[in-house]
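Count residues from 1 along the sequence.
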Amino acid sequence: MHDIIKDLVDRRTKEAIDAAMSLDTALLAEAARKTRAACSRDRVFLYGFIYFSTFCINNCNFCYFRKENDIKRYRKTEDEILAVADDLGASGVNLVDLTMGEDSYYKENSFARFIRLASEVMKRTGLPVMASPGVMPNSALENLAKQNVLWYALYQETFNRELFGRLRAEQDFDGRMNAKQHAKRLGMSIEEGILTGVTETPEQLAESVAQIGNGGAKQLRVMTFEPHKSVPLGQNTRQDITIELKIISILRLLHPSALIPASLDVGGLDGLTARLNSGANVVTSIIPPSSGLSGVAQRDRDVASSGRTADAVRAILIKLGLKQGSNTEYLRFIRGELVDG
């Protein structure tokens with residue numbers, strides 16, 4: 001093992017992470033793939049994605065769907081959402097991710113509509129659900145947990161408080177952290193995420209990579225910011241994907257049994273191979289053809305061409321010598337058990 005990689009795994013400090021970031025991308029990726037193979041037998045899990053409302057009360061400085069943007073939005077009906085869930089279930093995904101902006105319509109009555117929707121999607125598909133509706137109060141999280149929703153996803157984007165204030169204007173750093181911890185206490189699994197390419201310093205990025213796993217999250221995501229002229233950070237030059245790939249590999253080395261996504265929202269199918277080769281073991285943001293849904297980071301990447309399908313992803317897995325894990329293997333992996341050999 002390379003000395004810097006050994007130091008990274010042993011020390012797990014900001015300094016060790018910063019040193020690892022200087023290594024060759026291919027060297028890190030090779031070490032990450034070996035770690036993934038030992039923990040998951042090279043199984044990869046597929047997540048269907050339903051971004052069912054693009055209305056939002058927040059003004060995040062990196063998001064196209066921020067409140068102040070004068071753009072065309074949609075809010076899918078329950079029948080439309082369930083129809084997409086049926087299509088995703090039939091396509092063979094392992095999970096359905098219900099994502100929305102922080103939409104006041106769904107926040108009413110302590111998220112009662114959203115919780116009912118999550119329950120119905122689970123009944124219709126027989127699949128676990130990831131709830132991604134923004135910050136939920138404790139009472140709503142408790143009702144969500146009673147429905148046996150498996151995942152609560154709430155990204156911090158950065159663990160540096162000053163940078164958080166610039167990214168998530170007028171939002172509460174501790175409120176987001178507390179919501180995740182309450183969900184975890186209730187027995188839900190947590191997904192955490194960081195964003196790169198948002199004017200962060202190398203030190204701030206290393207701080208986030210060092211802290212992302214401290215809250216007990218079982219799924220750790222990193223994504224590269226996609227500049228868009230309609231957001232305050234949109235004048236940024238798009239950061240090279242290399243930074244994201246290195247962080248995926250470092251996260252795999254630091255958290256061998258974590259679920260680490262390769263998102264189709266950034267790079268689409270063309271960017272999937274590099275992310276999988278860096279140690280990712282989840283493919284997120286699979287969208288059925290003709291569903292009328294958007295992505296998040298790049299709202300139209302491979303969506304209009306109907307490219308973001310489970311079949312298209314599976315074809316790439318085969319070329320890489322990887323295999324989609326079964327639903328049983330997925331649940332075993334979350335419980336910390338080795339999947340079948």
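In this structure, T35 contributes its side chain and A31 its backbone to a donor-acceptor pair below 3.5 Å. With hydrogens and angles ignored, the 3.5 Å screen pairs no side-chain donor or acceptor of N138 with any backbone N or O of H182. Side-chain atoms of R73 come within 3.5 Å of backbone atoms of F65 as a donor-acceptor pair (strictly under, hydrogens ignored). Side chain of N94 to main chain of L46: a donor-acceptor pair is present (N/O by atom type, distance under 3.5 Å, no hydrogens or angles). Side-chain N or O atoms of N281 include one that pairs as donor or acceptor with a backbone N or O of I260 at under 3.5 Å. Counting only distance, with no hydrogens or angles, the side chain of E192 and the backbone of Q156 share a donor-acceptor pair below 3.5 Å. Side chain of N61 to main chain of L233: no donor-acceptor pair is present (N/O by atom type, distance under 3.5 Å, no hydrogens or angles). Formation of a donor-acceptor pair under 3.5 Å by the R36 side chain with backbone atoms of L276 is found in this model. Within the 3.5 Å criterion, the main-chain N or O of L254 finds a donor-acceptor partner in the side chain of R12. Remark: side-chain polar atoms of K184 are not paired, donor with acceptor, to backbone N or O of Y152 under 3.5 angstrom.
Of the N and O atoms on the side chains of T99 and D97, at least one donor lies less than 3.5 Å from an acceptor on the other residue.
Ring-plane geometry between F49 and Y51 is classed as tilted, the angle between the planes lying from 30 to 60 degrees on a 0 to 90 degree scale.
Under a cutoff of 6.0 Å and an axis angle of 45°, R221 and Y155 form a cation-pi pair. Geometrically, K72 does not engage Y74 in a cation-pi contact defined by less than 6.0 Å to the ring centre and at most 45° from the axis.
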Inset, instruction - Take N160 and E200 through the test side-chain contact (heavy atoms from CB on, under 4.5 Å) and record every step on the way to the result. - result: CA-CA 9 Å; N160 179 273; E200 75 279 4; over 6 Å; no
Inset, instruction - Check step by step if salt bridge (charged side-chain N to carboxylate O under 4.0 Å, His left out) holds for E120 and R116. - result: CA-CA 6 Å; E120 186 60 26; R116 185 180 70 249; over 6 Å; no
Inset, instruction - Could you give me the CA-CA distance, side-chain angles and deciding distance for Q219 and S189, then say whether side-chain contact (heavy atoms from CB on, under 4.5 Å) is met? - result: CA-CA 8 Å; Q219 184 159 300; S189 297; over 6 Å; no
Legend entry - Derivation and outcome, side-chain contact (heavy atoms from CB on, under 4.5 Å), residues I50 and L98: CA-CA 5 Å; I50 308 180; L98 291 174; 4.0 Å; yes
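Using a 4.5 Å heavy-atom threshold, the side chains of I190 and L154 count as separate. A 4.5 Å side-chain heavy-atom check between L269 and V313 finds at least one atom pair inside the cut-off. At least one side-chain heavy atom of V121 sits less than 4.5 Å from a side-chain heavy atom of L82. Annotation: side chain of E30 is in contact with side chain of K34 (closest heavy-atom distance under 4.5 Å). Taking the side chain as every heavy atom from C-beta outward, M177 and F159 approach each other to under 4.5 Å.
Both V209 and F173 are assigned to one and the same hydrophobic cluster, defined by single-linkage of ILVMFWY side chains at heavy-atom distances under 4.5 Å.
The distance from atom CD of Q171 to atom SG of C60, rounded to the nearest 0.5 Å, is 4.0 Å. The structure places CD of E15 at 9.0 Å from CD1 of I17, a figure rounded to the nearest 0.5 Å.
Other residues, nucleotides and ligands contribute only 12 or fewer heavy atoms inside 6.0 Å of the CD atom of E203.
Residue D311 comes nearest to R314 through the heavy atom pair OD1-NH2, 2.8 Å, listed as atom of the first residue, atom of the second, then distance. Here the closest heavy-atom approach between residue N327 and residue V93 is recorded as OD1-O, 3.9 Å.
A salt bridge links E162 with R166: the distance from a Lys NZ or Arg NE/NH1/NH2 to an Asp or Glu carboxylate oxygen falls below 4.0 Å. Note on K6 versus D3: no salt bridge recorded, every NZ/NE/NH1/NH2 to OD/OE distance being 4.0 Å or above. Remark: D42 does not engage K323 in a salt bridge, criterion side-chain N to carboxylate O under 4.0 Å.
With respect to T196, the side-chain hydrogen bond (donor to acceptor under 3.5 Å, both in side chains) criterion is satisfied by exactly one of E244, Q239, Q204: Q239.
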